[in-house]
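Worksheet: the structure to be examined is printed underneath.
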Amino acid sequence: MTGNGSSPGGADEAPDGMGTLYVVGIGPGLPHAMTQRARDVIRHADCVIASNLYQEFLRRDGTIPPESRTEDAAATDGGAAVGSVDDSTDHAGWTVGNVGTHPDGETVEIVRSSMGQQIELAREAFERVRDGQDVAHVSGGDPNVYGKSDLVYLMADEDDADDVPIEIVPGVTAALGGAAMVGAPLSNDFCTISLSDKWRGWEEIAEKLRAAAVSDFSIVLYNCWRDYERAIEVLREHRTDGAPVAIVNDAGRGEAGRNLDDETYMLTTLGEATDHDDEVGGMGTSLIVGTHETEVWENDYDQFLVTPRGGRDVDDF
């Protein structure tokens with residue numbers, strides 16, 4: 001079977017009256033770092049599901065209406081204010097959000113997303129799509145990189161929601177945003193590893209770390225607020241202490257960072273990375289670990305990390 005059609009996810013083939021569920025990656029969340037596709041999908045969605053932080057970011061350029069143009073949906077018509085919704089449908093049990101109105105009169109229902117509600121919100125999104133709504137389920141970074149896309153597909157399988165068109169809208173990941181900040185550390189083979197042990201044990205994580213270190217991948221560590229010191233010790237078993245490391249906070253968020261002092265990075269080495277615990281600020285921290293080929297390059301303004309592709313030099317171009 002092969003995919004086809006101008007619209008990924010089956011929206012072109014869906015019956016009349018069916019909406020589409022978009023899982024939208026917004027990168028770091030600020031308007032300048034979103035793709036045009038992500039902005040367009042969110043701007044014209046009937047329902048946007050997003051955390052309070054991402055709602056704040058999306059209001060900055062009017063991707064969703066400002067709070068001054070938003071009111072409690074319960075004060076209007078119980079959340080059925082969006083024009084594409086069939087008002088005859090029973091919406092009992094749906095999360096009541098806020099209805100925002102864009103300057104052109106287009107309305108959108110904005111539903112708060114939180115960590116403990118993801119299953120319920122996915123099920124509700126399926127019903128909204130069946131009711132004719134285009135739903136934008138917002139994910140930071142890219143939905144396929146520790147985001148929400150897998151949950152949506154797993155829930156669709158669990159709930160027999162194979163009639164619901166689903167499209168994944170990609171976004172800039174923390175790995176790519178952080179790499180851009182520090183130069184060119186990922187120009188050769190690289191991998192990402194999450195240190196979160198919520199769904200898997202530490203031994204599995206450590207095994208992946210060892211394999212990546214032995215294979216000489218540049219490595220981007222996510223969820224560094226969990227056991228990053230242990231991760232560094234595992235990497236040091238198979239990689240020189242002199243390997244360059246970048247500690248990146250809130251890549252792509254500029255002055256809107258939430259970890260430390262907004263968007264920051266510092267360069268150190270694998271052997272000294274754990275000496276900088278004060279630079280590991282929270283969920284917005286990523287560590288980029290270079291290889292034996294990664295070098296620190298300096299110009300008149302700053303220092304950067306560069307990992308040559310395949311060890312090539314200028315003559316190879």
Side chains of [X] and [Y]: do they bring a donor and an acceptor to under 3.5 Å?
{"X": "Ser196", "Y": "Tyr146", "value": "no"}
{"X": "Asn144", "Y": "Ser149", "value": "yes"}
{"X": "His44", "Y": "Asp134", "value": "no"}

Any side-chain to backbone donor/acceptor pair from [X] onto [Y]? Under 3.5 Å, distance only.
{"X": "Arg69", "Y": "Thr101", "value": "yes"}
{"X": "Asp159", "Y": "Ala161", "value": "no"}
{"X": "Asn249", "Y": "Glu279", "value": "yes"}
{"X": "Glu109", "Y": "Cys47", "value": "no"}
{"X": "Arg37", "Y": "Val24", "value": "no"}
{"X": "Thr307", "Y": "Pro185", "value": "yes"}
{"X": "Arg210", "Y": "His238", "value": "no"}
{"X": "Arg112", "Y": "Ser51", "value": "no"}

Answer yes or no: is there a side-chain heavy-atom contact under 4.5 Å between [X] and [Y]?
{"X": "Asn299", "Y": "Phe304", "result": "yes"}
{"X": "Asn188", "Y": "Thr291", "result": "no"}
{"X": "Phe57", "Y": "Ile26", "result": "no"}
{"X": "Asp46", "Y": "Arg128", "result": "no"}
{"X": "Thr35", "Y": "Pro170", "result": "no"}
{"X": "Tyr54", "Y": "Thr63", "result": "no"}
{"X": "Ile42", "Y": "Ile64", "result": "yes"}
{"X": "Thr268", "Y": "Asp275", "result": "no"}

| field | Joint hydrophobic cluster, Tyr228 plus Met266, side-chain heavy atoms closer than 4.5 Å | value |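 Tyr228 and Met266: one cluster.
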| Out of curiosity, does Val214 fall in the hydrophobic cluster containing Val220 (side-chain heavy atoms, cut-off under 4.5 Å, transitive links)? |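 Cluster IDs for Val220 and Val214 differ.
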| request: Rounded to the nearest 0.5 Å, what's the gap from CD on Glu127 to CD on Gln133? Could you check? | output: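 Going from the CD atom of Glu127 to the CD atom of Gln133 covers 11.0 Å.
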